[in-house]
Amino acid sequence: MGLFSFFKRKKSYLGVDIGTATVKLVQLGKGKEKPKLEAYGELQAYGYLERPNDAIQTSSLKMLDEDVAAMLRDLMKAAGVTAKRASMAVPVFSSFVTVMEMPLMSAKELAAAIPYEAKQYIPIPLSEVTLDYSILGTKTYQSQGGTAISKSEILLVAVPNEVVNKYARIAELAKLQLDALEIETFSLARSLVGADKSAILIIDIGTRATNISVMSDGFIRFSHNLDLAGGEITKTIATALNVDYRRAEEFKKTIGLGVSPEAAQIKKLISPLIDMIVNEADRLINEHYRKYNKKIERVILSGGTANMAGLVDHLAQHFGVEVLKGNPFLKIEYPPVLEPAVKDLAPNFSVAIGLAMRGL
């Protein structure tokens, strides 16, 4: 468990990120120029790697609502959380996100038309999901006859009602006022990209899944979830080297794709898995270029596996652009005592910080 509590203020807001093998939270308050870190905490469940049924969630929340809420209450108490209002993240694999085009129309007409259009994109009945959308802008095409045709680009988000109800129940049991549920991709965008209008690729490598997104002009244009991530990489190392999962996790982080003499064996083991992630990223980059004629200018890594030795250099060589480990702490004020730890903490807390920023 990692946790700290700092300055307690009345107007504070909490971000809660419930992952496959961890629960993370961040409390932010008003700072002088940026939001100020007041408390943070993390509970890790290493048992998931050895016993998949111990996962907090996979395609849906597997643990009982009461158990997750109890974990959250314990973590809040240990971290010294005082905020009662919160936002929570919904994993990409528990949601549907797509960009669709619609004829130009009034806001009222659009609101009425969205549910009908959404049926083409959502694989389950609309009665079973909660829909949300935002207008990304207008895209103009030239017809074969030379006439300009303009359409609205709509970002459509749908979350199964079952998932919405579970998070609402967890918040209630944890005695929190749940202000919003947010797809974790949007929380990442807030904490890592902000107002930057560049074309940016975000690769978020979690424990169970990797989410790859392309942003440009300040909006998420493409997003895809890959059912392969840090947990699978750790398992591969553990099985091949016959070591326990904690040891394999340490090998992944400290040796990984590095250039040390002992790295060759591990690099050979995990390179095929990294290549699968890279290939999916290439596909999204190409789709983005075909549709918007914009090249990716930068790659941002997030998630615990972002700390893997050699990964940044490996991806920079492949993509040919700057690759950075995302650092949401750049957008908040935090005590100087945390500075030595920020490098390791940053990729893990990007979602939670983005959620907490939402409420300030």
Side-chain angles (χ1 to χ4, degrees), residues 19-22 44-59 91-94 184-185 188 201-214 222-287 296 299-321 323-326 344 347-348 350-351:
T20 304
T22 62
Q44 295 183 334
Y46 283 101
Y48 161 68
L49 293 171
E50 299 178 34
R51 302 177 299 278
N53 286 334
D54 285 357
I56 297 169
Q57 62 175 320
T58 51
S59 58
V92 176
F93 55 73
S94 295
E184 57 191 7
T185 306
L188 284 173
L201 177 74
I202 301 176
I203 303 178
D204 179 37
I205 309 176
T207 300
R208 173 197 178 274
T210 297
N211 180 243
I212 305 170
S213 304
V214 180
F222 294 93
S223 185
H224 183 71
N225 194 67
L226 193 63
D227 197 15
L228 178 145
E232 187 65 28
I233 295 171
T234 301
K235 288 179 186 178
T236 298
I237 295 171
T239 302
L241 301 185
N242 194 27
V243 296
D244 64 38
Y245 285 93
R246 290 202 183 208
R247 186 71 170 152
E249 185 75 14
E250 186 65 21
F251 284 161
K252 180 180 72 175
K253 179 180 176 182
T254 60
I255 300 175
L257 297 171
V259 295
S260 62
E262 62 268 30
Q265 183 181 9
I266 290 179
K267 188 172 184 178
K268 184 177 180 180
L269 289 172
I270 67 178
S271 287
L273 302 178
I274 299 298
D275 288 345
M276 291 175 66
I277 295 173
V278 168
N279 291 340
E280 183 59 26
D282 283 338
R283 186 183 69 80
L284 290 190
I285 289 171
N286 291 335
E287 282 192 35
I296 294 297
V299 177
I300 299 178
L301 287 180
S302 185
T305 302
N307 286 323
M308 179 196 293
L311 183 59
V312 168
D313 291 339
H314 179 81
L315 296 182
Q317 184 176 6
H318 175 84
F319 293 117
V321 297
V323 178
L324 303 168
K325 283 200 294 184
D344 287 333
N348 290 314
S350 299
V351 172

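Note: hydrogens, waters and symmetry copies are ignored here, and every other heavy atom, side chains too, is used. Since the model is a prediction, treat every value here as computed from it, not as a measurement.
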Which of these, Ile237, Ile233, Thr234, sits in a side-chain contact (heavy atoms from CB on, under 4.5 Å) with Phe251? Ile237

Going through the checks in order, is the side chain to side chain contact (heavy atoms under 4.5 Å, CB included) test met by Thr207 and Thr22? CA-CA 9 Å; Thr207 300; Thr22 62; 5.6 Å; no

Report the distance from atom CD1 of Ile296 to atom CZ of Phe319, rounding to the nearest 0.5 Å. 9.0 Å

Checking Thr185 against Asp204 for the side chain to side chain contact (heavy atoms under 4.5 Å, CB included) test, could you report, in this order, the C-alpha distance in whole Å, the side-chain angles of both residues, the deciding distance, and whether it holds? CA-CA 9 Å; Thr185 306; Asp204 179 37; over 6 Å; no

Can you tell me how far the CG atom of Leu241 sits from the CZ atom of Arg247, to the nearest 0.5 Å? 10.0 Å

Would you indicate whether the side-chain heavy atoms of Leu301 and Pro347 approach each other to under 4.5 Å? no

Would you say that more than 12 heavy atoms from the other residues, nucleotides or ligands in this model lie under 6.0 Å from the CG of Asn279, or not? yes

Which heavy atom of Glu184 sits nearest to which heavy atom of Val92, and what is that distance? OE2-N, 3.4 Å

Measuring from atom CD1 of Ile202 to atom CG of Leu284, what distance do you get when rounded to the nearest 0.5 angstrom? 12.0 Å

Could you give me the CA-CA distance, side-chain angles and deciding distance for Asp227 and Arg208, then say whether side chain to side chain contact (heavy atoms under 4.5 Å, CB included) is met? CA-CA 7 Å; Asp227 197 15; Arg208 173 197 178 274; 3.6 Å; yes

Salt bridge (Lys or Arg N to Asp or Glu O under 4.0 Å) assessment of Lys252 paired with Glu249: CA-CA 5 Å; Lys252 180 180 72 175; Glu249 185 75 14; 3.3 Å; yes

Note: Gly206 and Thr305 closest approach over all heavy atoms is O-OG1, 4.3 Å

Can you list every pair that meets side chain to side chain donor-acceptor pair (under 3.5 Å) and has a residue in residues 263-273, with sequence neighbours left out? none

Test side-chain contact (heavy atoms from CB on, under 4.5 Å), reference Val323, set Asp313, Ile203, Val312, output is Val312

For the CG atom of Asn211 and the CZ atom of Phe93, what is their distance to the nearest 0.5 Å? 10.5 Å

Looking only at heavy atoms, what is the nearest atom pair of Asn348 and Gly303, with distance? OD1-C, 4.1 Å

Residue pair Ala306 / Leu311: nearest heavy atoms and the distance that separates them: CA-CD2, 4.3 Å

Rounded at 0.5 Å granularity, tell me how far OG1 in Thr210 sits from CG in Asn225. 8.0 Å

Nearest heavy atoms of Ser302 and Leu188, plus distance in Å: OG-CD2, 3.4 Å

For Ser213 versus Ser223, what's the shortest heavy-atom pair and its separation? OG-OG, 3.1 Å

If I take atom CD1 from residue Ile274 and atom CD1 from residue Ile205, how far apart are they, to the nearest 0.5 angstrom? 5.5 Å

Going by the salt bridge (Lys or Arg N to Asp or Glu O under 4.0 Å) test, which pairs reach into residues 277-287, not counting sequence neighbours? Glu280-Arg283, Arg283-Glu287

